[in-house]
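Being a predicted model, the structure only gives us computed values, none of them experimental.
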Amino acid sequence: MSSWSSDDELFSLVSDRLYTAVIGDVLDRLGHRHSFLPPEVRQLKPYGVVVGRAMPVLEADVYDYSQPFGRMFEALDDLRPGEVYVAAGGSRRYAFFGELMSIAAAARGARGAVLHGYHRDTRALLAGDFPVFSMGGYGQDQGVRGRVIEYRVAIEVSGVTVEPGDLVVGDADGVVVVPRALEATVVDEALAKVGTESDVREALMAGTSARSAFDRFKVM
């Protein structure tokens, strides 16, 4: 049985005690080997962390300009507390997210944004407290180039499937997605692995060889 009774407790536990690398290791061991978003998706602020439930958003390129932004406003207004705005699709001709979107998302209790694309308004986002993970800053607007065509649907990001409600964890080493059906097992095993890593660290500092430490603890 899990040691948390609510999403808030789970998010705090993951933020305080876990990190993406150990979560990814556990997913690998469970045979779920496509869980990290591409390494180009990075935190905007050093040491920024995001933990929350995925609210996937699907983008697409447009050329008729008749519906600026598409369903983007619907998606923003539908965000719920504890969710992460996860946007993918379309091309890299424009930014998916910016300062005013971050204000709208934060006001609805969202915990961050993860973009398989660019953000804009970099200085304002750096000055704020809303965690953003993206492929970098680029000022060109999506209004006449792209639109949100759907949200709260499964999306795929470079082989990683993101379903609504999946656990999203991002830190300095990237962003990992944990299927909701596996999260209790993954978090419990990751907590145990963190404890074992502490034992390995102490053994290595005491002079134990790396080979001997791995043979003893099966962790490195």
Side-chain angles (χ1 to χ4, degrees), residues 11 15 19-20 35-62 65 67-153 155-160 162 164 166-177:
F11 300 157
S15 296
Y19 44 93
T20 57
S35 56
F36 269 94
L37 300 191
E40 296 83 9
V41 179
R42 310 295 297 177
Q43 59 187 181
L44 173 59
K45 299 177 87 169
Y47 308 111
V49 175
V50 63
V51 181
R53 297 281 177 204
M55 202 282 264
V57 176
L58 183 60
E59 295 266 358
D61 293 354
V62 295
Y65 318 137
Q67 295 179 327
F69 303 106
R71 303 185 69 187
M72 185 190 80
F73 302 111
E74 290 179 45
L76 281 172
D77 290 341
D78 197 53
L79 278 166
R80 302 165 190 165
E83 291 189 326
V84 178
Y85 187 96
V86 183
S91 68
R92 303 296 165 261
R93 299 189 300 128
Y94 47 88
F96 286 174
F97 198 85
E99 178 199 9
L100 298 181
M101 294 178 69
S102 75
I103 294 171
R108 283 151 185 79
R111 296 179 63 90
V114 172
L115 319 168
H116 188 225
Y118 301 116
H119 70 267
R120 56 187 265 163
D121 306 321
T122 299
R123 285 187 295 179
L125 291 175
L126 283 170
D129 297 322
F130 193 77
V132 174
F133 286 67
S134 79
M135 298 174 69
Y138 184 41
Q140 187 150 268
D141 188 32
Q142 71 172 312
V144 297
R145 299 174 181 90
R147 65 172 65 128
V148 171
I149 59 172
E150 194 55 271
Y151 60 94
R152 294 199 185 282
V153 295
I155 60 175
E156 185 175 292
V157 182
S158 297
V160 179
V162 185
D166 283 348
L167 182 64
V168 177
V169 184
D171 61 19
D173 287 328
V175 179
V176 66
V177 179

- Query: To the nearest 0.5 Å, how far apart are CE in M55 and CG in L76?
  - Reply: 7.0 Å

- Task: Take V50 and V132, measure what side-chain contact (heavy atoms from CB on, under 4.5 Å) needs, and give me the verdict at the end.
- Result: CA-CA 8 Å; V50 63; V132 174; over 6 Å; no

- Below 4.5 Å, heavy atoms only, C-beta onward: do V84 and R53 meet side chain to side chain? no

- Rounded to the nearest 0.5 Å, what separation is found between the CZ atom of F69 and the CD atom of E59? 10.0 Å

- Task: Check the pair I103, F130 against side-chain contact (heavy atoms from CB on, under 4.5 Å), reporting the backbone distance first and the verdict last.
- Result: CA-CA 8 Å; I103 294 171; F130 193 77; over 6 Å; no

- Out of curiosity, M72 CE to Q142 CD, how far, rounded to the nearest 0.5 Å? 5.5 Å

- Report the C-alpha distance between Y19 and D173 in whole Å, list the side-chain angles of each, state the deciding distance to 0.1 Å, and finish with yes or no for side-chain contact (heavy atoms from CB on, under 4.5 Å). CA-CA 8 Å; Y19 44 93; D173 287 328; 5.6 Å; no

- Query: Who pairs with R152 by side chain to side chain donor-acceptor pair (under 3.5 Å), at least two apart in sequence or on another chain?
  - Reply: D78, E83

- Any idea which heavy atoms bring S15 and V51 closest together, and the distance? OG-CG2, 3.3 Å

- Report the residues that fulfil salt bridge (Lys or Arg N to Asp or Glu O under 4.0 Å) with R147, sequence neighbours left out, ordered by chain and then residue number. D64

- Task: Could you list the residues that satisfy side-chain contact (heavy atoms from CB on, under 4.5 Å) with E156, not counting sequence neighbours?
- Result: T161

- Message: Strictly by side-chain hydrogen bond (donor to acceptor under 3.5 Å, both in side chains), give each pair with a member in residues 35-46 just once, sequence neighbours left out.
- Response: none

- Task: Please name all residues satisfying side-chain contact (heavy atoms from CB on, under 4.5 Å) with F36, sequence neighbours left out, ordered by chain then number.
- Result: T20, V176

- Residues that S91 engages under side chain to side chain donor-acceptor pair (under 3.5 Å), provided they are two or more places apart: D61, R93

N/O donor to acceptor pairs below 3.5 angstrom from side-chain atoms of residues 114-121, sequence neighbours left out:
from : atom 1 : to   : atom 2 : distance (Å)
H116 : ND1    : R92  : NH2    : 3.1
H119 : ND1    : S134 : OG     : 2.7
H119 : ND1    : G136 : O      : 3.1
H119 : NE2    : T122 : OG1    : 2.9
R120 : NH1    : G139 : O      : 3.0
R120 : NH1    : D141 : OD1    : 3.4
D121 : OD2    : E99  : N      : 2.9

- Task: Check ring-ring contact (aromatic ring centres under 6.0 Å, His included) between F133 and all other residues, then give those that pass, not counting sequence neighbours.
- Result: none

- Message: Just to verify, what does E150 make a side chain to side chain donor-acceptor pair (under 3.5 Å) with, not counting sequence neighbours?
- Response: R71

- Query: Between F73 and P68, what is the shortest heavy-atom contact and its length?
  - Reply: CE1-O, 4.5 Å

- Min side-chain heavy-atom separation V144-V62 under 4.5 Å: no

- Task: Only counting residues at least two apart or in another chain, list the ones meeting side chain to side chain donor-acceptor pair (under 3.5 Å) with D77.
- Result: R108

- Residues forming a ring-ring contact (aromatic ring centres under 6.0 Å, His included) with F11, sequence neighbours excluded: none

- Query: Nearest heavy-atom pair of I155 and A88: which atoms, and what distance?
  - Reply: CD1-CB, 3.9 Å

- Of all residues at least two apart in sequence or in a different chain, which pass the ring-ring contact (aromatic ring centres under 6.0 Å, His included) check with Y94? F96

